Amino acid sequence: MMGKLSYLFCICLTLSSVAVWAIELRPDLDSGPVAYEFHWLVNDPHTGDIKSQKETRKDDKVVGQYTLIDSDGYLRTVDYTADDHSGFNALVRREPTDIKIPQPSPEPKKLIAAKLLTPLTPLVHYAPKAILKSAEPSEGNYVSVSGPTAQYKY
């Protein structure tokens, strides 16, 4: 009984030391003030892909805007801010535009096969059938497959 109790005590001691070691917290590194600014723009009239974004961050406050042309031709503009106090807030506006988005054609194009001037050559050539002298193959001329291995005997 005493042996089982000491064994259980050792296991509990080991688990508690692992648990204490696993929850050791390290202080956050203060990397100083954070600031960035970026913007980008795509304007592809062939596909109708028109969009842009700009964003600025100073410390913990982010301010930005992105725009895009929806599939119905409306301009969607989203102005957003994010900070520790208010969280993420966005104001979305949709305005009609005169931009026409290219739509796929409703019916598929018909493909017409061209007449070939030269005859097609077969892609697969077959070997002639083997001529067997007897109905049963002679011993040693077989292929045996069993499981993942193969045995070849000629």
Side-chain angles (χ1 to χ4, degrees), residues 1-127 142-154:
M1 179 70 179
M2 191 62 172
K4 288 182 182 180
L5 195 58
S6 62
Y7 178 73
L8 186 61
F9 178 74
C10 289
I11 289 177
C12 290
L13 184 61
T14 304
L15 290 177
S16 65
S17 65
V18 169
V20 170
W21 178 78
I23 59 170
E24 177 184 353
L25 299 176
R26 296 183 182 193
D28 290 336
L29 297 175
D30 185 18
S31 56
V34 177
Y36 66 80
E37 182 176 339
F38 73 87
H39 64 275
W40 55 267
L41 169 76
V42 174
N43 191 348
D44 187 357
H46 178 69
T47 61
D49 192 14
I50 302 170
K51 55 190 169 188
S52 67
Q53 181 183 7
K54 59 184 173 183
E55 183 174 293
T56 306
R57 178 178 177 179
K58 181 164 170 106
D59 295 330
D60 288 333
K61 183 168 182 158
V62 178
V63 177
Q65 178 187 62
Y66 67 88
T67 62
L68 61 104
I69 304 294
D70 284 330
S71 60
D72 58 0
Y74 277 73
L75 172 69
R76 183 187 331 170
T77 304
V78 179
D79 295 305
Y80 60 90
T81 60
D83 59 24
D84 285 341
H85 179 69
S86 302
F88 180 81
N89 295 302
L91 174 67
V92 181
R93 294 187 315 268
R94 292 191 75 218
E95 302 166 359
T97 65
D98 58 351
I99 298 172
K100 300 295 180 198
I101 305 299
Q103 300 294 326
S105 60
E107 62 183 56
K109 295 180 180 179
K110 294 180 181 177
L111 298 176
I112 301 172
K115 186 176 181 180
L116 297 175
L117 300 176
T118 59
L120 289 175
T121 57
L123 298 175
V124 178
H125 298 282
Y126 295 97
Y142 67 91
V143 176
S144 172
V145 178
S146 62
T149 61
Q151 297 174 352
Y152 299 96
K153 193 170 186 182
Y154 297 102

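Numbers for residues simply follow the sequence, beginning at 1. Note that this is a predicted model, so its numbers are computed, not measured.
- Partners of Arg94 under the salt bridge (Lys or Arg N to Asp or Glu O under 4.0 Å) rule, at least two apart in sequence or in another chain, are Asp70, Asp72.
- Partners of Lys51 by salt bridge (Lys or Arg N to Asp or Glu O under 4.0 Å), not counting sequence neighbours, listed by chain and number: Asp49.
- Sequence neighbours left out, the pairs with a member in residues 77-88 that pass salt bridge (charged side-chain N to carboxylate O under 4.0 Å, His left out) are Asp79-Arg93.
- For the ring-ring contact (aromatic ring centres under 6.0 Å, His included) test, no residue two or more places apart in sequence or in another chain qualifies with Tyr74.
- With sequence neighbours excluded, the residues satisfying side chain to side chain donor-acceptor pair (under 3.5 Å) with Asp44 are Thr47.
- Annotation: Tyr66, atom OH; neighbour count of heavy atoms from other residues, nucleotides and ligands within 6.0 Å does not exceed 12.
- Annotation: side chain to side chain contact (heavy atoms under 4.5 Å, CB included) contacts of Lys54 (sequence neighbours excluded): His39, Gln65.
- Applying the salt bridge (Lys or Arg N to Asp or Glu O under 4.0 Å) test to Arg57 and every residue at least two apart in sequence or in another chain returns Asp60.
- For Asn43, the side chain to side chain contact (heavy atoms under 4.5 Å, CB included) partners at least two apart in sequence or on another chain are Pro45, Ile50.
- Every side chain to side chain contact (heavy atoms under 4.5 Å, CB included) that Phe38 has, sequence neighbours left out, goes to Tyr36, Trp40, Gln53, Glu55.
- For Thr77, the side chain to side chain donor-acceptor pair (under 3.5 Å) test picks out no residue, with sequence neighbours left out.
- For Asp59, the side chain to side chain contact (heavy atoms under 4.5 Å, CB included) criterion is met by Pro33, not counting sequence neighbours.
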